[in-house]
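Throughout, residue positions are numbered sequentially from 1 according to the sequence presented.
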Amino acid sequence: AVVSTQSTGGPVGFHVLEVPSPPVPNPVLYSSRSRLISPPPPPDLGGLEIPALSGDSLRDFRPKGILVAHLHEHRGPITGVVVSADNLFFATGSNDGTVKIWDCQRLEKNVTNRSRLTYSSQGGRITSLSVCHHSHTIAAASDNGTVHLFKVECAGKRESGVHKYNGTTTLKTIHRTEGAIVHVDHFDLGVQSLVVYGSERGKVHGWDLRTREEAWVMANQSSLGLLTTLAVDPTKNWIITGSSRGYLTLWDLRFNLPVMIWRHPGHGRIYRIVPYRSSAGGSKDSWVFVSAQRWDGLTVWELESTQCKQAYRILETDENTPMAPITPLSPPTEREYGIEDLSINDSIVKHIQEVNNNNGSNSELLSGEKVGNASEMRAILSPAGCNYVITGGSDKRIRLWDIANPTSSYVITGLRNDHAKRFGMTTQLLEGVSVFQEYNDAPTPAPPQETSSSQMTGSGLLSSSTHVNPNA
């Protein structure tokens, strides 16, 4: 500050004085208890060894179905696979109640196919896994109503070039009495580090790791059925949930209110919901992939209008099988409790009885070949910025669907008796829905051949038991 002074009859003088600047107030947050608090430090979730990899390297990725490793340590079905952002390791969850950590580098070097770490402190059956945002922390959900967050302690490289794994550290344990936890996810908003999880009784919770308390909870209508899955918007504006009766509910995260409710035309439980991240055809931030029970393939829905925009369909015979229009169904009424669903499920119950009466074996039920549709999608992978989606179905095939060029889609790997079966791909527009149909035009399998490679035909696809060469 500049201050002028003048003595009586004297010259005018100037003095420069240093005025301390006012202190910068700490940023504040309002907690759920409406009290003013300072933001706590972010939790230590473990940093990445290298910067997170982007989807650019996956845009031209075309897997050939070559078997890299056979990992068989779990003693139950695998229910989830997640990969760290730096591709250092991946984690698998199983019905045996354990989460195993696998070193990606060791698979590349073909040193050993054993897991590096096993987390067995949770119990129950692991239902869902998620890697916390840009970290080495895993969030695991179980059917015993718990969510565990544990950090994978990974040190630097040894002289041999592989990383050292020192164990796991449990950071947080959440326990609910709302039945099984069906899905868990994590995202970071800067001021909040939220673990989002849903229980089968219909509640979706947001637990803030910074304030160490529940930020919000949203409850689905009980008439919609049990909660089966959920998905978080990549821009963190909405959450969409799926139920056992095929209902989809869109929630606005800004106000924690349901915006829209509609029903999948298959009437079956929703298996998976995945945000549509393809760059083909411009931005589609409000589109999602949905796989459902009793539905052959995959559907893509626009959330703003609740209209189906794309359908990926699998046919067992030829391309002439008609397809019914895909239209959303209305939400249930207040007194509607799903009695009509009993007639739909009656056919499945009768089949179970037939299997038990005929041969006393449940092998068909365990394999998933007879109950429901033979081509229900159980897994969906949609990398950000890539023009394809990879699916795994109950028909034991892994497919790559090329969104930009559907005729380039192909079966990555499938059943062993699929040698020399020819597959074709057709596209059509059905009442505003772009339908991509894969069909089998050679239902009688040819004798197995010595070679394990496959060739693309001019009209469509050819699958193989071990690998497929899409560029041949």
Inset, instruction - Report yes if the side chains of Leu88 and Cys154 come closer than 4.5 Å at any heavy-atom pair, otherwise no. - result: yes
Inset, instruction - Take Leu400 and Arg62, measure what side chain to side chain contact (heavy atoms under 4.5 Å, CB included) needs, and give me the verdict at the end. - result: CA-CA 8 Å; Leu400 184 145; Arg62 291 297 182 271; 4.1 Å; yes
Legend entry - Set of residues satisfying side chain to side chain donor-acceptor pair (under 3.5 Å) with respect to His148, sequence neighbours excluded: Tyr119
Inset, instruction - Provide the closest heavy-atom pair for Ser84 versus His136 in the form atom of the first, atom of the second, distance. - result: CB-CD2, 4.3 Å
Legend entry - Partners meeting side chain to side chain donor-acceptor pair (under 3.5 Å) with Ser291 (sequence neighbours left out): none
Legend entry - No-hydrogen, no-angle side-chain donor-acceptor test under 3.5 Å, Thr146 and Gln122: yes
Legend entry - Test item: Val196 and Val204 side chains (from C-beta on) under 4.5 Å apart, heavy atoms: yes
Inset, instruction - Decide whether His134 and Asp188 meet the rule of one side-chain donor and one side-chain acceptor closer than 3.5 Å. - result: no
Inset, instruction - Not counting sequence neighbours, which residues clear side chain to side chain donor-acceptor pair (under 3.5 Å) with Ser121? List them please. - result: none
Inset, instruction - Give the C-alpha distance, both sets of side-chain angles, the deciding distance and a yes or no for side chain to side chain contact (heavy atoms under 4.5 Å, CB included) between Phe150 and Thr137. - result: CA-CA 6 Å; Phe150 63 92; Thr137 294; over 6 Å; no
Legend entry - Residues forming a ring-ring contact (aromatic ring centres under 6.0 Å, His included) with Trp287, sequence neighbours excluded: Tyr276
Inset, instruction - Return yes when atom NZ of Lys172 has more than 12 non-hydrogen atoms of other residues, nucleotides or ligands closer than 6.0 Å, and no otherwise. - result: yes
Inset, instruction - Please identify each residue that fulfils salt bridge (Lys or Arg N to Asp or Glu O under 4.0 Å) with Glu178, with sequence neighbours left out. - result: none
Legend entry - salt_bridge(Asp395, Arg397) N-O dist < 4.0 Å: yes
Inset, instruction - Please list, chain by chain and in numerical order, all residues satisfying side chain to side chain donor-acceptor pair (under 3.5 Å) with Thr241, sequence neighbours excluded. - result: Asn220
Legend entry - Distance-minimising heavy-atom pair for Pro258 and Thr249: CB-CG2, 4.1 Å
Inset, instruction - Mind running side chain to side chain contact (heavy atoms under 4.5 Å, CB included) on Ile314 and Met377 for me, showing each step along the way? - result: CA-CA 10 Å; Ile314 301 170; Met377 296 300 179; 3.1 Å; yes
Inset, instruction - Would you please name every residue forming a side-chain contact (heavy atoms from CB on, under 4.5 Å) with Ile398, sequence neighbours left out? - result: Ile390, Ile412, Thr413
Inset, instruction - With sequence neighbours left out, write down each residue that passes side-chain contact (heavy atoms from CB on, under 4.5 Å) with Val433, or none if nothing qualifies. - result: Cys308, Ala311, Ile326, Val435
Inset, instruction - Assess the side chains of Thr118 and Lys100: does a donor N or O sit below 3.5 Å from an acceptor N or O? - result: yes
Inset, instruction - For this output row, return yes or no: ring centroids of His163 and Phe89 closer than 6.0 angstrom. - result: no
Legend entry - From CA spacing to verdict: side chain to side chain donor-acceptor pair (under 3.5 Å), Gln310, Ser434: CA-CA 5 Å; Gln310 295 177 354; Ser434 299; 5.5 Å; no
Legend entry - Phe436: ring-ring contact (aromatic ring centres under 6.0 Å, His included) partners, not counting sequence neighbours: Tyr312
Legend entry - Validation row: Arg269, Arg294 side chains within 4.5 angstrom (heavy atoms): no
Inset, instruction - Answer yes or no: is there an ion pair linking Glu200 with Arg176, defined by an N-O contact shorter than 4.0 Å? - result: no
Inset, instruction - Go through the structure and list residues passing side-chain contact (heavy atoms from CB on, under 4.5 Å) with Leu71, not counting sequence neighbours. - result: Ala69, Phe90, Trp102, Leu107, Asn113
Legend entry - Geometric cation-pi criterion Arg378 and Tyr271, 6.0 Å radius, 45° cone: yes
Legend entry - Results of side-chain contact (heavy atoms from CB on, under 4.5 Å) for Asp96 - residues two or more places apart only: His74, Arg75, Ser94, Thr98
Legend entry - Residues Arg313, Glu438: salt bridge by 4.0 Å N-O rule: no
Inset, instruction - Could you note down all residue pairs passing ring pair (Phe, Tyr, Trp, His ring centres under 6.0 Å) where residues 195-229 supplies at least one of them, sequence neighbours left out? - result: Tyr197-His205
